[in-house]
Enquirer: 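This is the structure, below, for whatever I ask next.
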Amino acid sequence: MAAHVHDGDVVAIEGFTHLISFAAGHEIIRQGRRDLTLARLTPDLVYDQLVAAGCARKLVFSWLGNPGVGSLHAIRRAVETGSLEIEEYSHFGMVGRYAAGAARLPFYPLRSYAGSDLPDANPLIQWVASPYAPADEIAVVPPLNPDVTIIHAQRADAEGNTQVWGLVGVQREAALAAERVIVVVEELVDGDVVRSDPDRTLLPGVAVTAVCVEPYGAHPSFAQGYYDRDNAFYRDWDPISRDPARLDAWLDEWVRGVPDRAAYLAKLDHEVLDALRPGPRPSGSVDYGEYR
Amino acid sequence: MAAHVHDGDVVAIEGFTHLISFAAGHEIIRQGRRDLTLARLTPDLVYDQLVAAGCARKLVFSWLGNPGVGSLHAIRRAVETGSLEIEEYSHFGMVGRYAAGAARLPFYPLRSYAGSDLPDANPLIQWVASPYAPADEIAVVPPLNPDVTIIHAQRADAEGNTQVWGLVGVQREAALAAERVIVVVEELVDGDVVRSDPDRTLLPGVAVTAVCVEPYGAHPSFAQGYYDRDNAFYRDWDPISRDPARLDAWLDEWVRGVPDRAAYLAKLDHEVLDALRPGPRPSGSVDYGEYR
Amino acid sequence: MSATPDELMIAAAAAELVGVRTVFVGIGLPNAAANLARQTVAPDLELIYESGVIGSRPTRLPDSIGDPALVSGATATMSMHDLFAYFLQGGRIEVGMLGAAQIDRWGNLNTTVIGPYEHPTTRLPGSGGACEIALNAARVVIVMNQTRRTFVEQVDFVTSPGHRHPEGTPRPAWASAGPTSVITQLATYRFGADGEMELAAPHDGVSEADVDAASCWPIRRASST
Amino acid sequence: MSATPDELMIAAAAAELVGVRTVFVGIGLPNAAANLARQTVAPDLELIYESGVIGSRPTRLPDSIGDPALVSGATATMSMHDLFAYFLQGGRIEVGMLGAAQIDRWGNLNTTVIGPYEHPTTRLPGSGGACEIALNAARVVIVMNQTRRTFVEQVDFVTSPGHRHPEGTPRPAWASAGPTSVITQLATYRFGADGEMELAAPHDGVSEADVDAASCWPIRRASST
């Protein structure tokens, strides 16, 4: 991580509610990175923590909240006091920005923003006339190319071929838009496991810079089939995040005070992790066929 | 099929080498449809047959050949004599046209065509300036919205939830761009089979107009895990297609002369189909988890 | 035992989904309403979550739109790109359900800021998918709490467009029908042909005076046609 | 036993892939060359097929780019949209291998028509993905048969752009480096700094006179730097 995230970088830790790499977020805090531009559709607790720890200069986002709970108080304080610059889109605008970045397009067109005040708040939202019907103007957003995108996945092989099941959000676009791509996985598997089911591959190894293995690395978010979302943690975050002193103490205890993810997990109550484990619900197998 | 394909329609039978619905193509010939505009990246034998049978007025495409063999002679004759109108793109241009159609965009921008003569041959290929760098003009293609898109798939449930593994080509975009969507499948399965692995769903039932079951309905193309491509048939097509009389006799025998797909299969040598069956190569199962 | 205000809202919102096939669901009250509708008045309803799931059959009421219980047993998952581009923008969503912190008589919704954008009194979550839902879902059902702080003369910020901008700009030609109903704890509202909100019916036990007292502008009555 | 012309071409084309990680493969000779390269000089080569497969390890030499043997055991499948948009246009392809029916000195390729477009003498397959491969793959290796009918003063139609259009328009600023080598049954060619094709080396047993006899324009010799 130290080699791939630098002060001043544009960083995207993506994963829409699913597979949010808290492991990477905490490591960035420990390394004391500064002046980051943080991009993410839903900043979620992971960016609330990074902002509280003073890592960020700017936030690029589309929905700023603690899903199902309320506000992200550290970010909200920073926005209300003006200490954090923001650049704001809608979800599809952020999706389009990553897609344009991944496809090296000069802009991404989308049917949104007409009649909204968002283009006033963000002059990067522009308009393009269609050559097929010049009166038909469509909104466009510019490409977003992070210096580094970090995603969490269920499994990858040693060559970086990365597989995900369940929600895939914007991870493919966000990763392929980036200069460097870090994948954190629950499990490292043999290449044959990947090759037995190529349809599940979100990113081929040629697009991945580095793979790290961190079981439960997405806690308190979830990993489909591995563990549930820790909804109690999301609720508990609200009073912590409301109180700057308490939030700083939390970072001291759970992030700065532990050397790595393994130590974080060891501090967590075993019963917490056990209770998050789901029952089995197998996908079943399909046959790709052996062709000779 | 009779209810969903009408004279004069824009029809897309899609599937890039994989899962080409010859069953649907033959049925359209039997019904004597006329003046169709046929859209497809690679017209393949299925459109060579439809053009030979006099069903088509116009062809919208990006690569016109018998893959691995040579020419599509019926189409080539019709183009060289001027009896078939053509509208020509590159592969990515066709992909973009379906994508714009599915997304109700006025155009799809792509980094292609600059320095090519294709925009001279097809004035629908246009240019748009980027509001972020006005000197940067990018090619655009218009949306393509078929009246009906027909795809073949490995399986679907009674609600039309359709699953495919292996190559998916442009099927999702072509289907979602269409007014009506017909899915032909190897197998009808229980809804629980679909729901056990939602990631494999190419099209949800809400986007599907009708489902038909036709095992081997994609022969002589292939269905991953079910049967191989009948490469001998593709090679044998070359001399048939070269000779208009022989081609007409072939259509009489194999299409107009059989009432349905079952009769076509019964006419095929059993050994042909048996030889196309692959050995097993299971994907393995992943766990989605049961969450209570 | 009488229903709670939330229960009233959920039941009224569920009633808006009779006969509907596809609903784009946000979290909170709309989620509860859509799940209630599927189990009662709209058995064919497909719940489509912006996180990228179609046909969810959650085994529990999800805490967030990214609950793993929405995925296990669903009919399809999809990237957010494909879901927003081909399903929402593609015109395949019949009803979008939205909440808001402020609404005006034209159905403009604010979920961005209270106060000026650059120096807000309160920073709210922002659009999420709401802006494009408001413009692309065939129609929009709004579910929100009603007070004089939420039913306002002019919203502080238009996050999601209604029938016309406060400055008078009409809804664009390519956009869908927009808001058709507003459900609050007090009443159900619809919109006149000119796009202005109208009282359809107060809920049981609510008077028209109660409705008027909880709005900054005088709410028009539905014409009796 | 001497190698056949095809075998010479395949071996020379494979040599262009030394050290390369990603190659976008068409069918025919390029496919054979890429598979040979992976088995010999470029073991880390990932074969990327426009049909939507990455990291194929075919158990047989495929007849078409849509062979099921390309999929079973591959590392990834992908929609053509994502492959063309995010991998090819996204700049993640190092080498694109193309064939052609005609080439000119600037590396412009024709796979569309012989004769005028509206009334062709021979209708050829057209672009397929070649136009965007020529503009977006970091560099392009061309593998084709060489005669006076294929190495022409001016191509009848520019399907896939080389270093400048016959009418003089330069390659656009956003495009990649374009053609870097042409492999025929007679020789290997590269391109000068001005974008004109140059003879790099005739294959064993081929004279420079043989090379010149099979081209409509006098092929420049590579400068000796």
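In what follows, every chain begins at residue 1, and chains take the letters A, B, ... in the order their sequences are listed. Remember, predicted model here, so these are calculated numbers, not experimental data.
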Enquirer: Would you say the side-chain atoms of C:Ser72 pair up with the backbone N or O of B:Glu290, donor to acceptor, closer than 3.5 Å?
Expert: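 Between the backbone of B:Glu290 and the side chain of C:Ser72 there is no qualifying donor-acceptor contact (under 3.5 Å).
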Enquirer: Taking every non-hydrogen pair under 4.5 Å, which of C:Asp82, C:Leu88, C:Val53 racks up the most with chain B?
Expert: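 Looking at each option in turn, the highest pair count goes to C:Asp82.
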Enquirer: Look at B:Pro106, B:Gly101, B:Ala99, B:Ala177 and state which one has the largest set of heavy-atom pairs under 4.5 Å with chain C.
Expert: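 The option with the most such pairs is B:Ala99.
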Enquirer: Where does B:Arg200 contact chain C at under 4.5 Å (heavy atoms): side chain, backbone, both or neither?
Expert: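 Looking at B:Arg200, nothing touches chain C.
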Enquirer: Below 4.5 Å from any heavy atom of chain C, which atoms of B:Ala175 appear? Answer side chain, backbone, both or neither.
Expert: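 For B:Ala175, backbone heavy atoms alone lie under 4.5 Å from chain C.
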Enquirer: Taking all atoms of both residues into account, what is the closest heavy-atom pair of C:Gln89 and B:Arg104, and its distance?
Expert: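 Looking at all heavy atoms of both residues, the closest pair is O-NE, 2.6 Å.
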Enquirer: C:Gly55, C:Pro58, C:Gly90: which one forms the most heavy-atom pairs within less than 4.5 Å of chain B?
Expert: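 Greatest number of close heavy-atom pairs with chain B: C:Gly90.
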Enquirer: Please name the pair of heavy atoms, one in B:Tyr291 and one in C:Ala69, separated by the smallest distance, quoted to 0.1 Å.
Expert: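 The pair with the smallest heavy-atom distance is CB-CB, 4.0 Å.
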Enquirer: Between C:Asn136 and chain B, with a heavy-atom cut-off of 4.5 Å, which part of the residue counts as in contact: side chain, backbone, both or neither?
Expert: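 Both backbone and side chain of C:Asn136 come within 4.5 Å of chain B.
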Enquirer: Rounded to the nearest 0.5 Å, how far does CE of C:Met78 lie from CG of B:Leu202?
Expert: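 These two atoms lie 8.0 Å from each other.
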Enquirer: Write down the atom of B:Pro204, the atom of C:Ala76, and the distance for their closest heavy-atom approach.
Expert: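 Smallest interatomic distance, heavy atoms only, reads CB-CB, 4.4 Å.
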Enquirer: Please state whether the side chain, the backbone, both or neither of C:Phe87 comes within less than 4.5 Å of a heavy atom of chain B.
Expert: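 Only the side chain of C:Phe87 comes within 4.5 Å of chain B.
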Enquirer: What is the minimum heavy-atom distance between C:Arg60 and B:Arg292, and which atoms define it?
Expert: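 Result for this residue pair: NH1-O, 3.2 Å.
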Enquirer: Of the listed residues (B:Gln163, B:Glu159, B:Glu173, B:Arg172), which shares the most heavy-atom pairs with chain C below a 4.5 Å separation?
Expert: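 With the most close heavy-atom pairs to chain C, the winner is B:Arg172.
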Enquirer: Report yes if some heavy atom in the side chain of C:Arg92 is under 4.5 Å from a heavy atom in the side chain of B:Val206; otherwise report no.
Expert: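 Result no, sub-4.5 Å side-chain heavy-atom pair not found.
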Enquirer: So which of B:Asp157, B:Asp192, B:Asp199 has the largest heavy-atom pair count under 4.5 angstrom toward chain C?
Expert: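 Looking at each option in turn, the highest pair count goes to B:Asp199.
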Enquirer: Chain B heavy atoms under 4.5 Å from C:Thr75: which part of the residue, side chain, backbone, both or neither?
Expert: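 Its backbone and side chain both get close to chain B.
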Enquirer: Heavy-atom distances under 4.5 Å only: say whether B:Asn161 touches chain C with side chain, backbone, both or neither.
Expert: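 Answer is side chain: those atoms of B:Asn161 sit under 4.5 Å from chain C.
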